[in-house]
> 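The structure's right below; bear with me while I get my questions together.
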Number of protein chains: 2
Amino acid sequence: MGDTSAPSQGPKIHTEVKDSDLVFRRRRQIVDAAVHLFISKGFHKTTTREIAKAAGFSIGTLYEYVNSKEDVLYLVCQAIHSEMEQRLKQRLRHGINGARDLEAAISVYFTVCDQMSDHILLIYQETKSLPAESRRFVLEHELRITGVFKDLLARGVADFSLRPLHPPEITLVAHNIMVVGHMWGFRRWALAPSFSLEQYIQLQSDYLLGELT
Amino acid sequence: MGDTSAPSQGPKIHTEVKDSDLVFRRRRQIVDAAVHLFISKGFHKTTTREIAKAAGFSIGTLYEYVNSKEDVLYLVCQAIHSEMEQRLKQRLRHGINGARDLEAAISVYFTVCDQMSDHILLIYQETKSLPAESRRFVLEHELRITGVFKDLLARGVADFSLRPLHPPEITLVAHNIMVVGHMWGFRRWALAPSFSLEQYIQLQSDYLLGELT
DNA sequence: ATTATCTATAGATCTATAGATAATGC
DNA sequence: ATTATCTATAGATCTATAGATAATGC
């Protein structure tokens, strides 16, 4: 997780430390350490001691910046979604027609999914381990990303580069795009023997968009 | 998990008990108990004591039938896949043309996904907690189910009810069907406000098959 | 003085097993 | 005698915190 942009809103996590810039930096250390540990060992098999050690400070210090191990998981999930959203939005373009922009966005998104497949898998696996409130917020973040595709679809419909679609259809297609992107992550073991990422993007784009024109 | 059919093959789990029919019955008790606990609390937060108690015997007895908690998870994953495979295959029909049979199979499969969505989610979440060897076997079982759709697609191509498809395309579409079925399970919170299961099946079938004729 | 960090540990589990007991069939 | 089951617990953790120490700025 390079740069963790400001976590929009969501449940605030209590800290004993006053210096908010220090809190920000230390939490980034915590997230960077925990992401890798959670990906390789899973949330439950990672100990708070390991997280503290990998972050470069002691277990006592860790607990000055979070109240519980679940807080660390929440920070990690937030950071992953923020990173995905940022990488995606950064490379969106607003060209002449919605259909083309959508196709380009799918390509960008699938590339991000490829790069972050371990992180996506982690969210699938561990969202359930979050306390109810933070889980809700993580799922909302997922919907916010889905909203990017909804918007592009709506724009394509509006400028007639896509055929007319009812709102529920737009929802469905947006979710399909999301899940087919994730699928490259969690089924790569089955898909990679047959496809390169580029081929996967090409073929899935054709299937996803073929019905929409 | 009603009836757990014979677990085809895969890593055998050691037991101290000689009576193989008893082993079969006790393991079914273990699976039935563990499935529900794992679904509601997750694998790691469920204790072996709870599993034993819910199964109706003591912790000592549990360990006569498995060697480890991971063995229980393996039994559970196996049982879920067997059940899915069985429910799906049971209702497959072999009609006049492949395209129709495929459409019917998708409908059956999505209905099974609806009924077993908690179980599917469990597999997504906990496969990673399995030891390497049993994980491999669980993933193979997943491929075996995907193979059902590959076969139907190949048959549709052969009898010209579907357009010609390269083998990699058949693989891709089969995986898409699988994942779009699962998606109803793990995204129902986002989809159910817009669709009933029947509408979901109808629309997704159209999208999945529209490109294939 | 205040803030941040560390060390040491309380307190609470949890898995897996050893050894005792009950049930079954010769 | 053999097989299945149970009780009791060894042994190993792990989270979270209390209280001590070091660093910073008045």
> Can you measure B:Leu62 atom CG to D:dT5 atom C1' for me and round it to whole angstrom units?
12 Å
> Each nucleotide in nucleotides 13-20 of chain D should get exactly one letter: B, S or -. Can you fill that in based on protein heavy atoms under 4.0 Å?
-SBBB---
> Are a donor atom and an acceptor atom from the side chains of B:Gln29 and B:Arg26 found within less than 3.5 Å of each other?
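Side-chain D/A pair, B:Gln29 to B:Arg26: present.
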> Is the ring pair A:Tyr74/A:Phe137 parallel, tilted or perpendicular, if the boundaries are 30 and 60 degrees?
perpendicular
> Can you give the dot-bracket line for DNA chain C, using ( ) for pairs inside the strand, [ ] for pairs that cross earlier ones, | for pairs with another strand and . for unpaired bases, where Watson-Crick and G-U count if both distances are under 3.5 Å?
||||||||||||||||||||||||..
> Measure from the side chain of B:Phe57, starting at C-beta and using heavy atoms only, and say which of C:dA4, C:dC6, D:dC6 lies closest.
D:dC6
> Should A:Phe43 and A:Glu70 be marked as a side-chain contact (heavy atoms from CB on, under 4.5 Å) after you check the CA-CA gap, both sets of side-chain angles, and the distance that decides it?
CA-CA 9 Å; A:Phe43 172 68; A:Glu70 279 73 26; 4.0 Å; yes
> Using whole Å, what does the distance between atom C1' of nucleotide D:dT5 and atom CG of B:Asp19 come to?
14 Å
> Quick one: list whatever passes salt bridge (charged side-chain N to carboxylate O under 4.0 Å, His left out) with A:Glu211, sequence neighbours left out.
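Listed in chain order: nothing, the list is empty.
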> Which heavy atom of A:Arg27 sits nearest to which heavy atom of A:His14, and what is that distance?
NH2-O, 3.6 Å
> Could you check whether any side-chain heavy atom of B:His182 comes within less than 4.5 Å of a side-chain heavy atom of B:Tyr124, counting everything from C-beta outward?
yes
> Check this for me: A:Gln199, atom CD, are more than 12 non-hydrogen atoms of other residues, nucleotides or ligands nearer than 6.0 Å?
yes
> Would you say C:dT5 has OP1 or OP2 under 4.0 Å from some side-chain N or O of A:Thr61?
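Result: no.
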> Applying salt bridge (charged side-chain N to carboxylate O under 4.0 Å, His left out), name anything that partners B:Asp114, two or more places apart in sequence or on another chain.
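Expected list: B:Arg188.
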> Nearest heavy-atom pair of A:Val108 and A:Arg91: which atoms, and what distance?
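Where A:Val108 meets A:Arg91 most closely, the heavy atoms are CG1-CB, 3.9 Å.
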> Among residues at least two apart in sequence or on other chains, which ones pass salt bridge (charged side-chain N to carboxylate O under 4.0 Å, His left out) with A:Asp71?
none
> Does A:Lys53 have more than 12 heavy atoms from other residues, nucleotides or ligands lying within 6.0 Å of its NZ?
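Not more than 12 within 6.0 Å, no.
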> Could you check how far CZ of B:Arg25 sits from C1' of D:dT5, rounded to whole Å?
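Spelled out: CZ on B:Arg25 to C1' on D:dT5 is 14 Å.
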> For nucleotides 21-26 of chain D, give me one character per nucleotide, 5' to 3': B if any protein heavy atom sits under 4.0 Å from the base, S if the only such contacts are to the sugar-phosphate, - if neither.
------
